Amino acid sequence: MYPILFKIGVPVYSFGLMMALAFLTALNFFGKEVKRRGMDERHVTWITMIALIGGVAGSKLFSIFEDWHSFTLAPIKTIFSPSGLTFYGGFIVATLGIGYYLKKHKLSFYQFADMIAPAVFLAYGIGRIGCQLAGDGDYGIPTKLPWGAYYYKGTAKPTYVLEDYFKMYPYERITWKYDSLRVIPAGIDDMGQQYNRFDEVTPCHPTPIYETIVAAGCFIFLWGNRKKYEAEAGKLFGLTIILMGVERFLVEFLRINPLYFSLSMAQWISIALLLYGSYLFFKKRNAAAARPVHN
């Protein structure tokens with residue numbers, strides 16, 4: 001029985017639309033939190049813009065480093081392709097940019113990080129919907145579960161995305177008839193790209209949807225408990241990156257990425273975030289450190 005959901009065939013601009021929605025959503029919740037805490041609202045738009053620009057640039061930069069071979073073969077196409085965006089790259093670059101902005105204006109980094117972190121997590125989940133609709137290669141390994149997704153009209157075809165996976169697991173290669181089906185032309189997608197029979201009949205884990213569901217749940221939890229932690233700057237931010245780290249570490253087991261000492265780069269970064277987040281969450285702070293800083 002083949003899965004019944006998610007036959008991906010949405011135009012690639014859907015990714016841009018979801019990114020815009022993610023940006024506006026983060027801006028809305030971040031602005032509400034800044035206003036509730038009585039902070040200067042002039043910084044909201046600037047910080048959100050830095051997060052957006054730094055996030056996109058960092059995502060593309062890190063993805064290029066991860067797939068340097070593809071970049072050397074077609075640098076212009078790789079840079080402007082909607083596929084190949086690495087969240088952690090964007091998260092790190094955006095955080096550094098925001099940190100510089102806050103330092104320049106003599107503002108507390110951790111207080112603003114607490115205010116924007118839950119919104120960023122929600123925006124991440126919304127952005128993953130765009131990844132799902134565009135079929136940009138963020139999906140997972142083949143599955144026979146009833147909610148598997150077909151990505152033959154996506155920007156990154158399963159034949160290419162799963163190539164390394166089948167090299168590592170020859171039995172799976174045989175099970176999914178990779179070699180015999182990949183040579184059979186099946187059609188042309190809306191972007192004028194050819195897909196083959198393997199692309200057409202191979203359902204994969206819709207990992208972007210998994211991440212969207214988890215991100216939404218974590219946002220509800222973080223947003224509902226934000227007042228509980230606001231007396232200690234950095235605590236909510238620490239809890240947020242703990243949840244981000246756990247979510248990404250686990251979902252990587254269903255995705256196809258290069259491994260470094262048995263784990264993907266995203267999983268190693270997740271471990272670092274877990275350690276740093278735990279330090280922030282459990283660190284004891286005195287009353288002076290928790291006092292709000294206004295500007």
Side-chain angles (χ1 to χ4, degrees), residues 18-58 87-88 90-128 212 214-247 273-295:
M18 296 312 299
M19 287 292 290
L21 178 59
F23 168 74
L24 293 174
T25 301
L27 178 63
N28 176 61
F29 282 103
F30 178 41
K32 286 183 177 180
E33 188 64 0
V34 169
K35 184 176 182 179
R36 183 186 71 82
R37 293 198 187 196
M39 308 292 276
D40 192 333
E41 296 179 53
R42 293 177 301 171
H43 302 292
V44 172
T45 302
W46 280 108
I47 290 175
T48 311
M49 285 298 297
I50 292 170
L52 176 66
I53 296 171
V56 173
F87 168 72
Y88 277 153
F91 180 76
I92 292 170
V93 172
T95 300
L96 291 174
I98 292 171
Y100 174 78
Y101 174 87
L102 293 173
K103 182 178 181 181
K104 182 179 178 181
H105 289 83
K106 298 180 181 179
L107 296 167
S108 168
F109 171 80
Y110 286 120
Q111 284 186 336
F112 274 85
D114 284 345
M115 288 186 279
I116 197 173
V120 169
F121 209 163
L122 179 61
Y124 173 70
I126 295 173
R128 281 307 192 197
T212 296
V214 173
C218 288
F219 168 76
I220 292 171
F221 169 75
L222 292 166
W223 188 256
N225 289 277
R226 68 192 189 285
K227 296 178 183 179
K228 177 181 177 182
Y229 300 115
E230 71 177 275
E232 297 182 80
K235 206 174 187 71
L236 186 63
F237 177 58
L239 180 58
T240 301
I241 61 177
I242 287 173
L243 294 175
M244 281 185 175
V246 171
E247 180 275 319
L273 285 182
L274 282 167
L275 294 174
Y276 181 50
S278 298
Y279 165 76
L280 291 177
F281 186 75
F282 293 106
K283 178 183 178 182
K284 298 297 181 181
R285 298 167 179 80
N286 56 40
R291 191 177 299 135
V293 176
H294 298 264
N295 187 38

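Along the sequence shown, residues carry numbers from 1. Everything quoted here is computed from the prediction, not taken from an experiment.
Across every non-hydrogen atom of Phe109 and Leu102, the tightest pair is CA-CD1, 3.6 Å. Contact record, Ala22 with Gly127: CB-N, 4.2 Å, taken as the closest heavy-atom pair. Contact between Ala26 and Ala123 at its shortest, heavy atoms only, is CB-CB, 4.1 Å.
Note that CD1 of Ile116 and CD1 of Ile47 are 6.5 Å apart. Values are rounded to the nearest 0.5 Å. Atom-to-atom distance recorded for Leu274:CG and Ile242:CD1 is 7.0 Å, nearest 0.5 angstrom. The CG atom of Leu27 sits 4.5 Å away from the OG1 atom of Thr48 when rounded to the nearest 0.5 Å. Between the CZ atom of Phe23 and the CE atom of Met49 there is a distance of 5.5 Å, given to the nearest 0.5 Å. Here the NE2 atom belonging to His43 is positioned 5.5 Å from the CZ atom belonging to Phe112, to the nearest 0.5 angstrom. To the nearest 0.5 Å, atoms OG1 (Thr45) and CZ (Phe30) are separated by 9.0 Å.
Tyr100 pairs by the side chain to side chain donor-acceptor pair (under 3.5 Å) definition with nothing, not counting sequence neighbours. For Lys227, the side chain to side chain contact (heavy atoms under 4.5 Å, CB included) partners are Arg36, Glu230, not counting sequence neighbours. Here Ile50 pairs with Ile98, Tyr101 under the side chain to side chain contact (heavy atoms under 4.5 Å, CB included) rule; sequence neighbours left out. For Phe219, the ring-ring contact (aromatic ring centres under 6.0 Å, His included) criterion is met by Phe29, Trp223, not counting sequence neighbours. Taking the side chain to side chain donor-acceptor pair (under 3.5 Å) definition, one finds that Glu247 meets it with nothing, sequence neighbours left out. Checked against side chain to side chain contact (heavy atoms under 4.5 Å, CB included), Leu222 has the following partners two or more places apart in sequence or in another chain: Pro118, Phe121, Leu236, Leu239, Thr240, Leu243.
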Handout entry: From CA spacing to verdict: side-chain contact (heavy atoms from CB on, under 4.5 Å), Lys235, Phe282
Key = CA-CA 8 Å; Lys235 206 174 187 71; Phe282 293 106; 5.8 Å; no
Exercise for the section: Would you sort out whether Val120 and Met244 count as a side-chain contact (heavy atoms from CB on, under 4.5 Å), showing the intermediate values? Expected result: CA-CA 10 Å; Val120 169; Met244 281 185 175; 4.0 Å; yes
Handout entry: Tyr229 and Phe281: CA distance, side-chain angles, deciding distance, ring pair (Phe, Tyr, Trp, His ring centres under 6.0 Å) verdict
Key = CA-CA 9 Å; Tyr229 300 115; Phe281 186 75; 5.7 Å; yes
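Between Tyr276 and Phe237, the angle of the ring planes goes over 60°, which puts this pair in the perpendicular group of the 30/60° scheme.
In this structure, Glu232 and Tyr110 have side chains that are not in contact, with every pair of non-hydrogen atoms separated by 4.5 Å or more. Between Arg128 and Met18 the shortest side-chain heavy-atom distance does not fall below 4.5 Å. Looking at Asp114 and Arg37, their side chains come closer than 4.5 Å, going by heavy atoms from C-beta outward.
Salt bridge status for Glu33 with Arg226: present, with a side-chain N to carboxylate O gap under 4.0 Å.
Looking at Asn225, its side chain does come within 3.5 Å of a backbone N or O of Phe221 through a donor-acceptor pair.
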